[in-house]
Protein chains: 2
Amino acid sequence: MRSSHQAGRLAQPPSPITDDGDEEHFCRSCSFSSACNAVGQGKPELNALQCLVEHVGPYRSGQYVFRSGDPFRAIFAVRSGTVKTSVVDRDGREQVLGFYLPGEVIGLNAIYPDQFPCDAIALETAQFCRFLFPAMSALASRVPVVQQHLFRLLSKELGAVTLLAGDHSADERMAAFLTDLSERYAARGFSGISFHLSMPRGDIANYLRLAAETVSRVLSRFRSQGLIEIEGRELTISDPQGLRKLGQNLLPD
Amino acid sequence: MRSSHQAGRLAQPPSPITDDGDEEHFCRSCSFSSACNAVGQGKPELNALQCLVEHVGPYRSGQYVFRSGDPFRAIFAVRSGTVKTSVVDRDGREQVLGFYLPGEVIGLNAIYPDQFPCDAIALETAQFCRFLFPAMSALASRVPVVQQHLFRLLSKELGAVTLLAGDHSADERMAAFLTDLSERYAARGFSGISFHLSMPRGDIANYLRLAAETVSRVLSRFRSQGLIEIEGRELTISDPQGLRKLGQNLLPD
DNA sequence: TGTGCGCCTTGATCCGGATCAACCCGCGCG
DNA sequence: CGCGCGGGTTGATCCGGATCAAGGCGCACA
């Protein structure tokens with residue numbers, strides 16, 4: 001995000017993330033950009049932002065960003081890589097809650113319980129902007145657009161989870177999942193037609209509440225129907241409209 | 001809520017809701033009480049609250065409080081009665097999203113899309129405190145505890161929806177549903193052991209993503225197992241711990 | 001008083017997706 | 001090199017819950 005670009009250079013402890021010259025573009029496509037931009041415009045608030053944003057990472061695949069039960073101190077915007085969040089219930093079964101791409105924000109569901117209610121695990125090497133929440137919250141009081149932004153992020157996530165909670169067929173779920181991923185990549189400036197699935201089939205299955213075998217079968221079927229091309233984790237969407245139509249009951253619009 | 005008690009008496013257009021002498025208790029048990037109380041303590045803010053809270057209702061069973069697509073102007077706290085929220089997808093199938101009891105808040109998921117993403121329908125004659133959201137949001141900027149309260153409400157709802165999204169058996173879902181209702185009634189000062197189900201079986205089924213027949217069967221089974229007594233919509237929980245244990249994977253704690 | 005209609009219950013059958021099982025592939029490692 | 005192992009695919013079977021079907025209230029209304 002734009003502001004972290006600025007704040008990052010000024011941060012007292014040398015940031016573990018080296019500037020790659022692409023930060024400006026990254027910040028524009030980040031979920032927080034409007035908030036950061038709003039802050040960046042007023043000099044005094046810029047100071048506040050320096051205090052509350054921090055670059056952290058990299059986390060290697062499989063590493064925990066936070067764990068269920070950790071005290072809630074900050075929310076995280078993904079700078080690079082991919083993250084999954086999940087909970088494990090009393091009998092040890094994992095439940096994947098979501099996948100997060102660059103520019104997206106994790107940790108909002110920790111506000112109410114005041115501790116993280118889920119684990120966050122890197123699926124690929126990942127880096128983050130870390131926003132201390134008390135400071136963020138205080139800032140939100142002074143800068144209305146930041147407050148509004150947080151409300152919207154929360155409300156948006158609420159809508160997303162709600163859709164997944166419906167009862168839908170394996171085909172609908174899968175089509176909606178791929179379309180959603182595609183549109184999220186596109187929104188961040190990546191290709192929405194051809195991309196790499198950063199998570200194993202088992203995680204997709206778990207997230208969609210299906211068995212891994214079912215995911216495999218549905219993908220094979222989609223391929224034979226000419227909707228997608230897929231080889232390992234490399235995906236190309238051949239018929240975006242067809243795919244979207246299949247998943248329409250699960251998708252916004 | 002306490003503050004609406006005060007504000008209600010002063011409202012210029014005579015409130016359609018007559019005071020029943022129980023408002024003070026009601027406000028204490030409302031989801032908004034801490035926010036309202038915080039505001040009520042400072043004289044100047046009290047004025048603000050008068051402007052943004054309004055008593056509305058009664059809505060009779062079956063009436064819409066708001067409809068999907070309506071512009072988002074306000075959130076609603078249930079004062080009395082019960083409400084369900086639901087969406088209908090493209091092929092006309094209804095999807096129940098939640099049931100809301102006195103003291104609970106609806107409309108938060110409308111913030112992001114800036115229009116209501118679902119219908120809200122009274123299940124029993126219902127009355128509300130209506131909070132204009134722009135004013136509420138402005139107030140939240142000035143009174144940090146109000147902002148915090150809204151964040152928490154949103155985050156809490158996010159957690160609740162997430163649980164329902166998991167894949168669980170009909171028994172687990174049903175047990176968790178009844179336990180949840182029980183605890184919510186208890187939290188508002190009603191009996192959590194014996195209460196009236198204000199929604200038809202079909203709505204429960206839809207909410208839990210089951211068939212109405214399955215709901216009926218599971219309830220019969222629970223009865224024969226001595227977990228509950230049920231006759232029509234009158235429910236008594238005979239074995240709260242047993243029921244809670246059955247649904248534990250879906251419940252907080 | 002009868003009739004129709006929502007709502008609920010219970011039984012019989014069916015089906016989507018889970019589970020079990022076998023196998024393939026690529027890769028790290030002794 | 002041979003081996004184990006995690007991840008992926010595909011086939012065979014099984015099962016929980018959906019669907020279909022029938023019947024029983026309780027209640028509004030002619």
Side-chain angles (χ1 to χ4, degrees), chain A residues 60-62 82 84 91 93-96 121 123-124 164-178 196-225 228-235 246-247 249-250, chain B residues 60-62 82 84 91 93-96 121 123-124 164-178 196-225 228-235 246-247 249-250:
Chain A
R60 304 272 156 215
S61 176
T82 316
K84 74 168 174 181
D91 19 303
R93 294 189 314 161
E94 182 185 13
Q95 178 85 249
V96 175
I121 304 171
L123 290 171
E124 298 168 318
L164 191 67
D167 71 317
H168 301 279
S169 70
D171 285 24
E172 283 181 299
R173 287 177 184 289
M174 196 68 208
F177 172 70
L178 295 179
H196 179 79
L197 295 172
S198 41
M199 67 296 286
R201 298 284 192 275
D203 280 351
I204 297 177
N206 188 309
Y207 174 66
L208 298 177
R209 283 59 173 147
L210 301 170
E213 294 91 331
T214 304
V215 165
S216 192
R217 279 185 250 269
V218 172
L219 288 176
S220 297
R221 184 145 21 88
F222 282 3
R223 178 173 40 204
S224 75
Q225 290 169 174
I228 61 171
E229 290 168 45
I230 188 167
E231 189 166 330
R233 298 194 186 173
E234 295 309 318
L235 176 74
L246 256 183
N249 282 335
L250 272 154
Chain B
R60 303 273 157 214
S61 175
T82 316
K84 74 169 174 182
D91 19 302
R93 294 189 313 161
E94 181 185 14
Q95 178 85 249
V96 175
I121 303 171
L123 290 170
E124 297 169 319
L164 191 69
D167 71 314
H168 301 279
S169 70
D171 285 24
E172 284 181 298
R173 287 169 125 74
M174 196 66 208
F177 173 69
L178 296 179
H196 179 81
L197 296 172
S198 42
M199 67 295 286
R201 299 285 192 274
D203 280 351
I204 297 177
N206 188 309
Y207 174 66
L208 298 177
R209 284 58 173 147
L210 301 170
E213 295 92 331
T214 303
V215 165
S216 192
R217 280 185 249 268
V218 172
L219 288 176
S220 298
R221 183 144 22 87
F222 281 4
R223 179 172 40 204
S224 74
Q225 291 168 173
I228 61 172
E229 290 168 45
I230 188 166
E231 189 168 330
R233 298 194 187 173
E234 295 308 318
L235 176 73
L246 255 183
N249 282 335
L250 272 153

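Naming: A, B, ... by sequence-line order, numbering from 1 per chain. The basis for the numbers below is simple: all heavy atoms, side chains too, and nothing from hydrogens, waters or symmetry mates.
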TODO: Write down the distance between CZ (A:Arg221) and P (C:dG16), rounded to a whole number of angstrom.
DONE: 10 Å
Open item on the list: What's the separation between atom CG in B:Leu164 and atom CG in A:Leu164, rounded to the nearest 0.5 Å?
Closed with: 10.5 Å
Open item on the list: Under the side chain to side chain donor-acceptor pair (under 3.5 Å) definition, can you give me all pairs with a residue in residues 198-210 of chain B, not counting sequence neighbours?
Closed with: B:Thr82-B:Ser198, B:Lys84-B:Asp203, B:Gln95-B:Arg209
Open item on the list: How would you summarise protein contacts on nucleotides 19-27 of chain D per nucleotide, using B for base, S for sugar-phosphate only and - for none, with heavy-atom distances below 4.0 Å?
Closed with: BB-------
Open item on the list: Nearest whole Å is fine: how far is C:dG16 C1' from B:Arg209 CZ?
Closed with: 19 Å
Task: Nearest heavy-atom neighbours spanning B:Leu250 and B:Ala176 - done: CB-CB, 3.5 Å
Task: Nearest-Å distance for atom pair CD/C1', residues B:Glu234 and C:dC7 - done: 15 Å
Open item on the list: Nearest whole Å is fine: how far is D:dG6 P from A:Asp203 CG?
Closed with: 15 Å
Open item on the list: Can you measure A:Leu197 atom CG to D:dG8 atom P for me and round it to whole angstrom units?
Closed with: 10 Å
Open item on the list: Applying side chain to side chain contact (heavy atoms under 4.5 Å, CB included) to A:His196 and A:Glu234, what does each step give before you reach the verdict?
Closed with: CA-CA 5 Å; A:His196 179 79; A:Glu234 295 309 318; 2.4 Å; yes
TODO: Using heavy atoms and a sub-4.0 Å distance, could you list which residues of residues 166-177 of chain B are near DNA chain C? By number, please.
DONE: none
- [ ] Kindly give the heavy-atom pair with the smallest separation between B:Glu172 and B:Asn249, and that separation in Å.
- [x] OE2-ND2, 3.4 Å
Open item on the list: Can you measure B:Leu210 atom CG to C:dT9 atom C1' for me and round it to whole angstrom units?
Closed with: 16 Å
Task: Side-chain touch B:Arg233/B:Pro200, heavy atoms, less than 4.5 angstrom - done: yes
Open item on the list: Rounded to the nearest 0.5 Å, what separates atom CE in B:Met199 from atom CD in B:Glu124?
Closed with: 8.0 Å
Open item on the list: Please enumerate all residues that pass side chain to side chain donor-acceptor pair (under 3.5 Å) together with A:Arg60, with sequence neighbours excluded.
Closed with: A:Thr125
- [ ] Return the value, rounded to whole Å, for the distance between atom CG of B:Asn206 and atom P of C:dC8.
- [x] 13 Å
- [ ] Report the distance from atom CG of A:Leu219 to atom P of D:dT10, rounded to the nearest whole Å.
- [x] 10 Å
Extract all donor-acceptor atom pairs below 3.5 Å that involve side chains of residues 211-222 of chain A and protein atoms in other chains or at least two apart in sequence.
unit_1	atom_1	unit_2	atom_2	d
A:Ser220	OG	A:Ser216	O	3.0
A:Arg221	NH1	A:Asp171	OD1	2.9
A:Arg221	NH1	A:Asp171	OD2	2.7

